[in-house]
Colleague: 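Pasting a structure below so you can have a look.
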Amino acid sequence: MTQPQAPDTLSQIPKSYSPQAAEDRWYETWSGEGFFAARDASDRPAFSIVIPPPNVTGSLHMGHALNATLQDVLVRWKRMAGFNALWLPGTDHAGIATQNVVEKQLAGEGTDRHRIGRAEFTTRVWKWKETSGGRIIRQLKRLGASCDWPRERFTMDEGLSRAVREVFVRLFEEGLVYRGSYIVNWCPRCHTALSDLEVEHEERKGKIYFVRYPAADGGPGVEVATTRPETMLGDAAVAVHPDDDRYKGKIGLVVSLPLTGRKIPVIADPAVSPEFGTGAVKVTPAHDPADFEIGRRHDLPEITVIGDDGRMTAEAGEAFAGLDRAECREKVAAALSAEGLLAAVQDHIHSVGHCYRCKTVVEPLVKDQWFVRVAPLAEPAIEAVESGRIRIVPRNWEKTYFEWMRNIRDWCISRQIWWGHRIPAWYCGDCHGGKIRLKGRWVEEPSGMAPATQPPSHPAAYAQLRAQGLSHERILAGMDTLIADRDVPAIVSREDNPACPSCGGKNVIQDPDVLDTWFSSALWPFSTLGWPDKTPALETFYPTSILVTGFDILFFWVARMIMMGLKFMGDVPFRDVYIHALVRDAEGRKMSKSKGNVIDPLDIVDKHGADAFRFTLAAMAAQGRDVKLSEERIEGYRNFANKIWNASRFVLMNVPPDLSTRNVSRETPWAGALADRWIASRLSAVAAEVNQALTDYRFNEAAAALYQFIWHEYCDWYIELAKISLFGEDAAAKQRTQTVLVMVLETTLRLLHPFMPFLTEEIWQALPPDCRTQAPRGGTIMLAPFPAPDGSLNDRPAEAAMSKLMEAIGALRMLRSEMSVPPSLEVAAVFSTRNKGVAALLDEHAGEIARLARCRPEIGVGLARPSKSAVQILPEMEVYLPLEGVVRIEDEIARLEKEIEKADKEVFGLAKKFENPDFVSKAPPEVVENGRARLAELAEKRRKIGEQAARLSEIGRESS
RNA sequence: GGGCGGAUAGCUCAGCCGGGAGAGCGCUGCCCUUACAAGGCAGAGGUCACAGGUUCGAUCCCUGUUCCGCCUACCA
């Protein structure tokens, strides 16, 4: 590969790591060299992830950053571990969102989509997509995402569109897609139907109105409760519960609907809850989902009083027609009040549905729409998770999944917008021309096309337009929307403009609606790999290995992918689903533009580097917890990156550039000094931990293990110890230390690479060439083998000995610090033990103790304590710091008294356990034994401190 | 209404199979010790929300309570 210029002399390595330059340089190299590419055919095992496609309109937010980081960690790990790893990127076309963006643009130009027409509009959207869309893709690259970019897909691509059409047609043929007239969620602003999932419910303070409906014969009527009095204008009945004794006599009564005088019946329906309100409910089938059901059961008329634009229709009556929903509510309430029919108004909290795109209050309306019959698809999808063919991690999301899947309702998939996959359904103008009503630009001047500045007008029947002399083509060209009567059959076809099966004519008109964006997203795991064609990629990478996503789209997307994957591929779309948390701000609030608490991931990358940012996200991704991101935390990991940088700098400054670890057998370098054996043992433990944690998707644990090892073992101890031989006279020891220093660093870099790709590559490239573990190709760390746990390096004795040594050093450091002995002052110190082995160990490592605790150590068995000295009592040794001429004795006495207090507490707590005879008899023997040993140790320590305190007080008295 | 999750150091959070409470940041003290002051060494700081229960033993398991999130639902 083309070698970017790595600093070649030590003096050139700057003292702190600056990420920017390295990041751009390495990303370009990796991607240019094709290191991210997976192979359609390979003898290596496949590992594949498809990215949850972000909206093409979107820009990278924290959620994306977390999502992408976790995927990249996994895919880089697997790639290094020898898999044919694919991470397939792409975006979705985000129908409503994208359409909104371009519509806003048009509004700025003083026009709108109806004036420019459908064809021109979609051209505009494509143009927008080409120039402004996909910003998020470029942002992902800044994060270091190792996606196979040449495979990038877009839901509106030719191939994916073909998949959409194939699926739609097949579902239709099987009766799983149908067109029907039902109540749907309608956004009066976006002017389209929404699926249930696209409605966000929010608790709102509102009012509940109690309204008297007098009997038609003038007798006592019924009182109903409603939160939406304006809908009463469309009431078709009043319903009560069949078993409600209060209303038994009223069933069948005809009441007079206030303000309209219309006569409506009182009916009985079990859906009514007797406990709520008055127990009698007004029924508005055209404007309430529950009422709609009741209406259909009782064959009530569906009187539409609110129109597509959220304004009252003519049906609402002269007094109200044209009013906005909210205005109308006031007017109706006032009118009822004036007539004395408003019994009461109370405050009431209820949840109100809002459009998830524009937050407008949705209006339930009865509309002709296309639906997917979901229940038959849901069944196998439930089974797949129950049986474990798909694992959801963490598991508690399974419950949510099942809950939703078992109560699933049909999915409304048609949208009344222009940007998206147009529904492949046509209606025959020749057979049903009278029942197909169209709106379009020709209506204003039936003799010809109206100027493009004219918005569409009233609907006209297709037959009528033809009769006025418009050609079929011309009608289509000017058509805006279409309403076909319920009994007009749809011709659903894989080919455009199919011939009518009954008349053979070609004058067919395509349904103007487009499909829900999620319909195409649901096919993503196989449509992106080439389906419906049988491609090698599909063969190799489906089912994908894992899906990484946030729980907010568990239903929107994950569930639907499972259904579609099982239906059309006959297999699950992925083996595992890893559900990660939401990223919140430091206060735990959801980040949102309106709250102004958004942290832009790219600002973080600019400021602290992609590696620090990625590491932070991984470290905070504990399963089942939200990620509360604060900049201080990121700074902490930026410091970590810098620490690694400087440790590496130290290594590079102290090893010859021609050093080779190429032919060093695994055992040799570790066979030497205690520190070498210890760090090797620790390294193998960390490698095991990281591998296991990643296997279990416990990213935070992998990150924590690396952090702990690098900073607190390699840097704090190993490097410090290494300095002794590096700066010493023993050439062999020096060389061995250099070897270990580099080998551990090099291995650690590979372990760390999935988390911090840029930094690790930058350093790895600067290592002596013959110290870099050979990658199968490319000469890059990202293709070098991922360190596997190596049990042969485990060295329990070395770890035990090292912790003794660390304890001894720690004890003296503690005394020094407590006694305020300056770090630069070399002191005398006595290490006394009863254990010969310990004495031998300390003696052997007197040099290390001397350096790391800055002292002249005297080591031995049963050494006398210096008369005026501070002491630290450890299980197997006592450490004395002679105080003569160094500090005041009183300070040490005070310190010891505090220690005595602490030790007493501990002894007391533990001793209490043994007072209970059941503990000794019932607890496992090893637990009891362990307790006994600890108790003995503590008691001994307490005794010795006491003695020492007494002695010092005595001396103190004598000398004063 | 149903469901899920949380409550552990000043802050943000780890804590797998019940058996000696951890990290990061912040704070305090001493140090520019030839990799790093974005650093080193050391330290203080916790009734593991509350009340019961199971157990020899509970931060961990069970029940209930309080508070806080979130998801879901056609009680108008």
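Convention: sequence-line order gives letters A, B, ...; per-chain numbering from 1.
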Colleague: Determine the Euclidean distance between corresponding P atoms of B:U54 and B:U12; express it in Å to zero decimal places.
Modeller: 36 Å

Colleague: Taking the same atom, C1', in B:C32 and in B:G40, what whole-Å distance lies between them?
Modeller: 10 Å

Colleague: Report the relative orientation of the aromatic rings in A:F650 and A:F727; use parallel for angles under 30°, tilted for 30 to 60°, perpendicular for over 60°.
Modeller: perpendicular

Colleague: Would you mind classifying the nucleic acid contact of A:R851 as base, sugar-phosphate or nothing, using non-hydrogen atoms under 4.0 angstrom?
Modeller: nothing

Colleague: Using atom C1' of each nucleotide, how far apart are B:C67 and B:G26 to the nearest Å?
Modeller: 26 Å

Colleague: What's the CD-C1' distance between A:Q346 and B:A76, to the nearest Å?
Modeller: 13 Å

Colleague: Could you check whether the rings of A:Y718 and A:Y714 sit parallel, tilted or perpendicular, using 30° and 60° as the cut-offs?
Modeller: parallel

Colleague: Apply the syn/anti split at 90° from 0 to B:C17 and say which one it is.
Modeller: syn

Colleague: Filter on salt bridge (charged side-chain N to carboxylate O under 4.0 Å, His left out), then keep only pairs touching residues 634-647 of chain A, sequence neighbours left out; what's left?
Modeller: none

Colleague: Of the options B:G3, B:C71, B:A76, whose atoms approach the side-chain atoms of A:F555 most closely?
Modeller: B:C71

Colleague: Considering only side-chain heavy atoms of A:H348, which listed nucleotide, B:A35, B:C56, B:A76, is closest?
Modeller: B:A76

Colleague: So, using side-chain contact (heavy atoms from CB on, under 4.5 Å) as the criterion, who are the partners of A:V742 when residues are at least two apart?
Modeller: A:V651, A:V655, A:L659, A:C771

Colleague: For the side chain of A:A923, starting at C-beta, report the closest nucleotide among B:U72, B:G19, B:A35.
Modeller: B:G19

Colleague: Quick check for you: among B:C56, B:C4, B:C75, whose closest atom lies nearest to any side-chain atom of A:N396?
Modeller: B:C4

Colleague: Considering only the P atoms, how many Å lie between B:G45 and B:G22, rounded to the nearest integer?
Modeller: 14 Å

Colleague: Base of B:A35, side chain of A:E720 - is there a donor-acceptor contact under 3.5 Å?
Modeller: yes

Colleague: C1' atom, B:A44 versus B:A49: distance in rounded Å?
Modeller: 25 Å

Colleague: Can you list, pair by pair, the side-chain donor-acceptor contacts under 3.5 Å of residues 694-710 of chain A, counting residues two or more places apart and other chains?
Modeller:
residue : atom : partner : partner atom : Å
A:T695  : OG1  : A:N691  : O            : 2.7
A:D696  : OD1  : A:Q692  : NE2          : 3.2
A:D696  : OD2  : A:Q692  : NE2          : 3.1
A:D696  : OD2  : A:R698  : NH1          : 3.1
A:Y697  : OH   : A:D576  : OD2          : 2.7
A:R698  : NE   : A:E701  : OE1          : 2.8
A:R698  : NE   : A:E701  : OE2          : 3.1
A:R698  : NH2  : A:E701  : OE1          : 3.2

Colleague: Tell me, which stems hold RNA chain B, with a stem being 3 or more Watson-Crick or G-U pairs in a row and both distances under 3.5 Å?
Modeller: B:1-7 with B:66-72, B:10-13 with B:22-25, B:27-31 with B:39-43, B:49-53 with B:61-65

Colleague: My understanding is that only residues two or more places apart in sequence, or in another chain, count here; which of them pass salt bridge (Lys or Arg N to Asp or Glu O under 4.0 Å) with A:E200?
Modeller: A:K359

Colleague: Going 5' to 3' along nucleotides 38-45 of chain B, which nucleotides have protein heavy atoms under 4.0 Å from the base (write B), which only from the sugar-phosphate (write S), and which from neither (write -)?
Modeller: BSSSSSS-

Colleague: Is there a donor on the side chain of A:R633 or the base of B:G24 sitting less than 3.5 Å from an acceptor on the other?
Modeller: no

Colleague: Can you check the distance between B:A38 and B:G19, where both ends of the measurement are the P atom (answer in whole Å)?
Modeller: 41 Å

Colleague: Are any of A:K723's side-chain N or O atoms less than 4.0 Å away from OP1 or OP2 of B:U33?
Modeller: no

Colleague: The side chain of A:A290 is closest to which nucleotide in this list: B:C74, B:A76, B:A73?
Modeller: B:C74

Colleague: Mind checking what makes side-chain contact (heavy atoms from CB on, under 4.5 Å) contact with A:D918, not counting sequence neighbours?
Modeller: A:N916, A:S921, A:K922

Colleague: Is the shortest side-chain N/O distance from A:K15 to OP1 or OP2 of B:C36 below 4.0 Å?
Modeller: yes

Colleague: Out of B:A76, B:G19, B:A35, which nucleotide sits closest to the side chain of A:V272?
Modeller: B:A76

Colleague: May I ask you to say what A:P924 touches in the nucleic acid, namely base, sugar-phosphate or nothing, with a heavy-atom cut-off under 4.0 Å?
Modeller: base

Colleague: Whether the A:H241 and A:D269 side chains hold a donor-acceptor pair (N or O, under 3.5 Å, no angle test) is what I'd like checked.
Modeller: no

Colleague: My understanding is that only residues two or more places apart in sequence, or in another chain, count here; which of them pass salt bridge (Lys or Arg N to Asp or Glu O under 4.0 Å) with A:K723?
Modeller: A:E720

Colleague: Side-chain donor-acceptor pair under 3.5 Å between A:Y182 and A:D410, yes or no?
Modeller: no

Colleague: Looking only at atom C1', what distance separates B:U55 and B:G46, rounded to whole Å?
Modeller: 25 Å

Colleague: Could you give the distance separating B:C60 and B:G6 at their P atoms, to the nearest angstrom?
Modeller: 13 Å

Colleague: Excluding sequence neighbours, so at least two apart, what forms salt bridge (Lys or Arg N to Asp or Glu O under 4.0 Å) with A:E713?
Modeller: A:R682

Colleague: Please tell me which of the listed nucleotides, B:A35, B:A76, B:G19, lies nearest to the side chain of A:T227?
Modeller: B:A76

Colleague: Rounding to an integer number of Å, can you tell me how far A:M620 CE sits from B:A23 C1'?
Modeller: 12 Å

